[in-house]
Asks: 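Quick one: this structure, given as structure tokens, is what I'll be asking you about.
In this text the structure is predicted, and so the values were computed from the model without any measurement. We number each residue from 1, following the sequence as shown. In listed order, ligands and their atoms are each counted from 1. For the numbers below, each heavy atom of this structure counts, side chains included, while hydrogens, waters and symmetry mates do not.
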Amino acid sequence: MERVIYLKSKILQIKEEALRELRELDKPEALQELKVKFLGKKGSLTALLRQMGSLSPEERPIMGQIVNEVRTRLEEAWEERSTELEELALKKRLATERIDITLPGTRVPRGHFHPLTQVIEEIEDIFLGMGFQIAEGPEIESDYYNFEALNLPKEHPAREMQDSFYITEEILLRTQTSPVQIRTMEKLHPNLPVKIIAPGKVYRNDDDATHSPMFHQVEGLVVDHGIRMSDLKGILLNFSRQMFGESREIRLRPSFFPFTEPSAEVDVSCMLCGGAGCRLCKGTGWIEILGSGMVHPKVLEMGGYNPKEVTGFAFGIGIERIAMLKFGIEDMRLLFDNDLRFLQQF
Ligand code: 2NL
């Protein structure tokens, strides 16, 4: 019995030692090492079990029970400490890897559309609102669509080799977007109405502060039964007021284009002085914004329509001019330099 008491005190001593070491341990990696030291095959508890051979058959179960209780207690304590250490490690990580979500992020610089694109889209929106459709076509055109179908005589100065960009004698870069409108009439006739705008790039051999060899135009065309000059004026007045302000007025001045008869230049009352006269309108109170007219009978015919049955009006707007007016730009070439310091202003 003395031997039992001795072994029991030894076991409890090992138990206390193990629990203390477990409490003092602060690295999860050391846990396994500790388990081996006390509970493993060569551990101190196992070593004690071996000494049980010297006990009597009555003593053995008592000792076995004690050893098992201690073993279970130690395994439990080991599990508890293990969870505790994992939680501690997680807390530490959460504290050191903490993200301050109130810090401002890295701002991504945001671009915007080129001023010319802004103006084109604004014009498109206004005409879409009046029931127009948008038509597009090739920038490389035939002499037929660019000049012949528009009633430009062979000797017209625009047809001179030095004024347009010819690719061959018959093919050139379009000098206005009218060929798109001829193509649309060809496609649509005899259906009515034709009510389109044709925005896009056009090309002429000019290059100075007020001319660029590539520039932009929006042309418009309406063909139907009984279209009159008052329809032209109403549409363009509505456009001018949406584009330049509610209180704008327009005036039509007689002009000439080979593809319209009669033809008219359209002026809008100055958006800067309201018509009183200022630097922008050069004291006149009016600013020229586009050319227009009633579609020439020969042009209607070229498009497949009978000029005895239908009439139409057309107009052409230079986009660069409108953008320069709107944004107060003095030199057209600035629009094409692609200098961000300039473009970012608009
Ligand atoms: C201007 C003048 C204009 C047209 C363009 C046109 C098109 C067809 C038939 C008749 Cl298919 N006319 N276009 C008409 C009048 C003027 O442009 O000064 N543009 C900047």
Asks: Are E59 and S56 close enough, and set up right, to give a side chain to side chain donor-acceptor pair (under 3.5 Å), and what steps lead you there?
Replies: CA-CA 5 Å; E59 289 168 330; S56 67; 3.1 Å; yes

Asks: Centre-to-centre under 6.0 Å for F127 and F315, is that the case here?
Replies: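 Between F127 and F315, the centre distance is under 6.0 Å.
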
Asks: Could you list all the ring-ring contact (aromatic ring centres under 6.0 Å, His included) pairs where at least one residue sits in residues 190-219, not counting sequence neighbours?
Replies: none

Asks: Within the distance-only criterion (no hydrogens, no angle test), does the side chain of H296 pair as donor or acceptor with the backbone N or O of L150 below 3.5 angstrom?
Replies: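 Not confirmed, H296 side chain does not pair with L150 backbone.
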
Asks: Does one side chain, of Q181 or Y145, offer a donor that lies under 3.5 Å from an acceptor on the other?
Replies: no

Asks: Can you give me a line-by-line list of nitrogen or oxygen pairs between ligand 1 and the protein shorter than 3.5 Å?
Replies:
unit_1, atom_1, unit_2, atom_2, d
ligand 1, 13 (N), E219, OE1, 2.9
ligand 1, 19 (N), G316, O, 3.3

Asks: How far apart are the C-alpha atoms of Q176 and R204, what are their side-chain angles, what is the distance that settles it, and do they pass the side chain to side chain contact (heavy atoms under 4.5 Å, CB included) test?
Replies: CA-CA 9 Å; Q176 66 269 43; R204 286 180 204 174; 4.1 Å; yes

